[in-house]
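Reading through the structure tokens given below for one structure.
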Amino acid sequence: MQYHAIKGSKLIVPALKTTAIAANKREAEQSCLALLQACDAVPKLAQLHGHVLKLGLRNNPLVLTKFTSTASDLKAIDYASSFLFAPDADTHLYDSFLFNTIIRAYAQTSHGKHKALCFYNVMLEGAVLPNKFTYPFVLKACAGLGDLNLGTSVHGSVVKFGFDDDVHVCNTMVHMYCCCSGGIESARKVFDEMPKLDSVSWSAMIGGYVRVGWSTDAVDLFREMQMVGVRPDEITMVSVLSACTDLGALELGKWVESYIDKEGIQKTVELSNALIDMFSKCGDVEKALKLFRNMSGRTIVSWTSVIDGLAMHGRGMEAMSLFEEMIGTGVAPDDVAFIGLFSACSHSGLVEKGKSYFSSMVEKFHIVPKIEHYGCMVDMLCRAGLVKEALEFIQKMPIEPNPIVLRTLISACRAHGELKLGESITKELIRNEPMQESNYVLLSNIYAKMTHWEKKAKIREVMDKRGMKKIPGSTMIELDHEIYEFVAGDKSHKQYKQIYEMVDEMGREMKRAGYVPTTSEVLLDIDEEDKEDALNRHSEKLAIAFALLNTPPGTPIRIVKNLRVCDDCHSATKFISKIYNREIVVRDRNRFHHFKDGMCSCRDFW
């Protein structure tokens with residue numbers, strides 16, 4: 001019996017030691033995990049780094065995963081990755097969860113998205129198999145980088161590893177393609193081929209269409225979403241409202257608001273801000289103000305959206321009053337708020353106020369002006385006809401003017417007769433941007449204004465040789481929840497014959513009332529009669545004629561122009577509003593024009 005006991009003890013003792021060591025390791029592991037959970041500062045993380053080494057947990061995947069997650073929360077992912085992939089690290093023990101944590105952390109940064117892809121490659125090279133949680137993080141990194149080729153390559157890996165039927169992976173893939181230039185059609189292909197769609201899938205695709213400016217497609221897809229019975233969330237509705245804003249579709253926007261209320265969709269601050277922005281930019285700034293006043297919690301975006309809306313409608317004094325109210329409530333203005341404020345001063349001719357606010361932005365609020373702020377000031381001076389002062393302002397700027405600022409000055413030169421100055425600046429722009437078609441269009445228009453037809457023709461020849469085309473003017477109008485678009489000389493509409501008959505009638509009635517066509521707007525070497533005919537075929541007039549034919553007498557007409565409305569259409573719309581007793585609201589790329597009884601809300605026009 002004694003022999004067996006001794007013999008037995010020789011067998012049992014090593015096992016007891018192993019069990020004790022394992023228990024100690026588990027205890028150390030749990031202790032370390034608890035400390036990492038409570039860690040709330042980078043210096044503490046550095047102390048825990050030493051603690052991990054001391055406890056012999058240098059290659060423990062569970063501890064390292066928690067260490068990485070904590071570092072990510074503390075914005076110290078570079079510190080964690082340098083520890084995990086130090087030369088003495090035994091990385092063959094690392095698993096997919098650890099790699100996923102590293103990839104996710106870098107995908108969420110603003111500076112290190114490319115590193116997410118690097119660690120994904122390290123993962124594959126180390127024969128660690130990715131799982132369905134890996135690819136949403138990798139694809140988000142691709143989306144942030146906007147690299148279509150890289151995203152397409154990852155798509156191939158998704159198919160290779162068999163995750164192309166996972167709804168979360170596919171949703172992120174749709175988002176990735178939508179974020180990459182030229183990827184919108186690939187996004188739709190993935191969307192259409194998904195075996196199962198959820199609300200996130202629809203939101204991603206609708207949001208993608210809005211991002212690339214395909215707002216009509218976004219609205220159509222939202223309608224399809226309703227037809228198949230998928231309930232949208234507030235994220236979907238923000239995208240749909242953005243589409244309405246882009247289209248200037250006020251009636252559709254109103255319907256979306258009622259749908260949100262009817263479906264009980266939570267009105268988050270973001271959704272409320274989107275509603276305010278939609279109503280402001282679709283022409284109903286009073287409704288935007290009402291929504292703003294009823295908000296329980298406002299952000300700087302809420303204030304800025306209303307200030308921007310008032311600015312677009314030429315209500316500069318009200319915009320300034322709201323800006324002062326914002327400051328009075330303790331909300332500090334940011335650089336975006338000042339852009340809206342300067343725009344308000346610009347559209348209302350409040351030059352001295354604009355100059356005063358520019359000084360206070362720097363001196364009182366310590367905001368360093370960006371090129372956008374300088375651009376607003378140049379625009380304000382140009383709209384007031386102060387072309388020489390605008391030039392002096394540009395010359396004194398501490399940063400180089402960008403092409404947008406210079407094009408603003410050139411447009412003012414053309415409008416106010418400073419044609420030689422405009423010509424010299426435009427030629428310099430063309431030397432710096434030889435493939436930017438808008439520069440050639442500006443120079444061509446200046447030559448037309450100078451009646452230098454040969455020089456104008458040569459500019460057009462250069463554009464043709466280089467494959468450049470002028471962006472065509474187009475006008476949209478919403479009628480019975482449908483969006484109709486017109487371009488100059490458009491004959492694609494089924495009512496085009498009646499539309500042109502109405503245009504001719506409008507022309508006759510306007511001439512009786514004293515309208516004189518602004519033929520200088522026609523930048524072609526043709527006779528006066530042909531110039532008048534060309535003016536009558538502008539997209540704004542076609543859209544207004546269509547509205548007169550298809551809406552009850554006396555009802556308002558709302559149209560959206562993709563470019564700045566020309567002088568002649570501006571003048572003609574004043575006459576049309578009086579002759580036909582219509583309020584006509586025109587949104588061009590700069591602002592709103594409210595025409596009523598032969599008058600326009602804008603203080604000046606150039």
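This structure is a prediction, so every number in the text was calculated from the model and none was measured. Numbers for residues simply follow the sequence, beginning at 1.
In terms of modelled atom types and a separation under 3.5 Å, the side chain of N562 and the main chain of S474 share a donor-acceptor contact. Although no hydrogens or angles enter the test, the distance criterion places a donor-acceptor pair under 3.5 Å between the side chain of T329 and the main chain of M326. Remark: the backbone N or O of G316 is paired with a side-chain donor or acceptor of S348 at under 3.5 angstrom. Between the side chain of S343 and the backbone N or O of I339 there is no donor-acceptor pair closer than 3.5 Å. Under the 3.5 Å distance criterion, the side-chain polar atoms of E251 are left unmatched by any main-chain donor or acceptor of L479. Under a 3.5 Å cut-off, the side chain of S305 and the backbone N or O of I276 do not form any donor-acceptor pair. Panel note: side chain R582, backbone T555; a donor-acceptor pair is recorded below 3.5 Å. Put simply, the side chain of E478 gets close to the backbone of L252: a donor and an acceptor are under 3.5 Å apart. Between the T573 side chain and the C569 main chain, a donor and an acceptor come within less than 3.5 Å of each other.
Contact record, C178 with A204: SG-O, 3.9 Å, taken as the closest heavy-atom pair.
Contact check for I410 versus L429: side-chain heavy atoms found under the 4.5 Å cut-off. Counting only heavy atoms from C-beta outward, the side chains of V42 and Y79 never approach each other to under 4.5 Å. At least one side-chain heavy atom of M361 sits less than 4.5 Å from a side-chain heavy atom of H373. Between I206 and T236 there is a side-chain heavy-atom pair separated by less than 4.5 Å. Taking the side chain as every heavy atom from C-beta outward, I265 and R231 approach each other to under 4.5 Å. By the 4.5 Å heavy-atom criterion applied to side chains, S411 and L442 are counted as neighbours. With a 4.5 Å cut-off on side-chain heavy atoms, L139 and H175 do not count as touching. Between M237 and F222 there is a side-chain heavy-atom pair separated by less than 4.5 Å.
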I'd like to know whether V565 forms a side chain to side chain contact (heavy atoms under 4.5 Å, CB included) with H538, so could you lay out the CA-CA distance, the side-chain angles of the two residues, the decisive distance to 0.1 Å, and finally the verdict. CA-CA 10 Å; V565 64; H538 278 192; over 6 Å; no

Step by step, work out the side chain to side chain contact (heavy atoms under 4.5 Å, CB included) result for K355 and M377. CA-CA 8 Å; K355 290 178 181 179; M377 295 301 291; 4.1 Å; yes

Where do Y106 and H114 land on the ring pair (Phe, Tyr, Trp, His ring centres under 6.0 Å) test, with the steps shown first? CA-CA 8 Å; Y106 274 114; H114 63 286; 7.9 Å; no

Working note: F546 + F486, criterion ring pair (Phe, Tyr, Trp, His ring centres under 6.0 Å); need CA distance, chi angles, decisive distance, verdict. CA-CA 10 Å; F546 172 72; F486 295 89; 5.4 Å; yes

Audit row: E325, R293, salt bridge (charged side-chain N to carboxylate O under 4.0 Å, His left out) steps and yes/no: CA-CA 12 Å; E325 183 186 335; R293 293 298 180 195; 2.6 Å; yes

Could you please spell out the steps behind the ring pair (Phe, Tyr, Trp, His ring centres under 6.0 Å) verdict for F191 and W202? CA-CA 8 Å; F191 177 85; W202 292 90; 5.2 Å; yes

Evaluate the side chain to side chain contact (heavy atoms under 4.5 Å, CB included) criterion for residues M312 and R587: first the C-alpha distance (whole Å), next the side-chain angles of each, then the deciding distance (0.1 Å), finally the verdict. CA-CA 9 Å; M312 287 185 71; R587 187 185 90 185; 4.1 Å; yes

Given the rule in the side chain to side chain contact (heavy atoms under 4.5 Å, CB included) test, do M380 and F342 qualify, once you have shown the distances and angles that lead to the verdict? CA-CA 8 Å; M380 182 179 67; F342 295 149; over 6 Å; no

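Remark: the R211 side chain and the S239 side chain contain no N/O donor-acceptor pair separated by less than 3.5 Å. Checked by atom type, the side-chain pair Q436/S438 shows a donor-acceptor distance below 3.5 Å. For the residue pair R298 / N273, no side-chain donor-acceptor distance below 3.5 Å is found, with atom types taken as modelled. D588 and H593 share a donor-acceptor pair across their side chains, judged by distance under 3.5 Å alone.
Here the two rings, on W303 and F292, have centers that are under 6.0 Å apart. Two rings, from F338 and F365, have their centers less than 6.0 Å apart.
The pair K254-E257 does not count as a salt bridge, with every side-chain nitrogen at least 4.0 angstrom from each carboxylate oxygen. D246 and K281 are not joined by a salt bridge, as no carboxylate oxygen comes within less than 4.0 angstrom of a charged side-chain nitrogen. At a threshold of 4.0 Å, the pair K561-E485 does not count as salt-bridged, since none of the basic side-chain nitrogens sits closer than that to a carboxylate oxygen. Salt bridge E583/R558: absent, no basic N to carboxylate O contact under 4.0 Å. The pair D217-R188 does not meet the salt-bridge criterion, since no charged nitrogen lies less than 4.0 angstrom from a carboxylate oxygen. Look at D568 and K541 and you find a salt bridge, because one of the NZ, NE, NH1 or NH2 atoms lies within 4.0 Å of a carboxylate O, short of that distance.
The stretch residues 138-147 participates, sequence neighbours left out, in no salt bridge (charged side-chain N to carboxylate O under 4.0 Å, His left out) pair at all.
From L289, atom CG reaches atom OG of S280 across 7.0 Å, with rounding to the nearest 0.5 Å. Separation of atoms SG (C376) and CD (E372) is listed at 8.0 Å; rounding is to 0.5 Å. To the nearest 0.5 Å, atom CD of residue E363 and atom OG of residue S360 are 8.0 Å apart. The CZ atom of R315 sits 10.0 Å away from atom OG of S601, with the distance rounded to the nearest 0.5 Å. Atom CZ in R383 sits 5.0 Å away from atom OG in S346 (nearest 0.5 Å). One distance of note links OG1 of T551 with CD1 of I557; it measures 5.0 Å at 0.5 Å rounding.
The side chain to side chain contact (heavy atoms under 4.5 Å, CB included) check on I399 picks up I371, Y374, M397, with sequence neighbours excluded. With sequence neighbours left out, A141 forms a side chain to side chain contact (heavy atoms under 4.5 Å, CB included) with A107, K113, A116, L117.
Counting non-hydrogen atoms of neighbouring residues, nucleotides and ligands closer than 6.0 angstrom, the NE2 atom of H594 exceeds 12 such neighbours. The 12-atom threshold is not exceeded at CD of E185, counting heavy atoms of other residues, nucleotides or ligands nearer than 6.0 Å. Residue D480 places its CG atom among 12 or fewer non-hydrogen atoms of other residues, nucleotides or ligands, all under 6.0 Å distant.
Checking V405, L381, I425 one by one against I394, the side chain to side chain contact (heavy atoms under 4.5 Å, CB included) holds for a single residue, V405. The only member of S201, S199, S203 that meets side chain to side chain contact (heavy atoms under 4.5 Å, CB included) when paired with N171 is S201.
A parallel orientation is assigned to the rings of W214 and Y209, their planes being inclined by less than 30° (bins at 30° and 60°).
A cation-pi arrangement is present between K287 and F279, with the terminal nitrogen or guanidinium carbon under 6.0 Å from the aromatic centre and inside a 45° cone about the axis.
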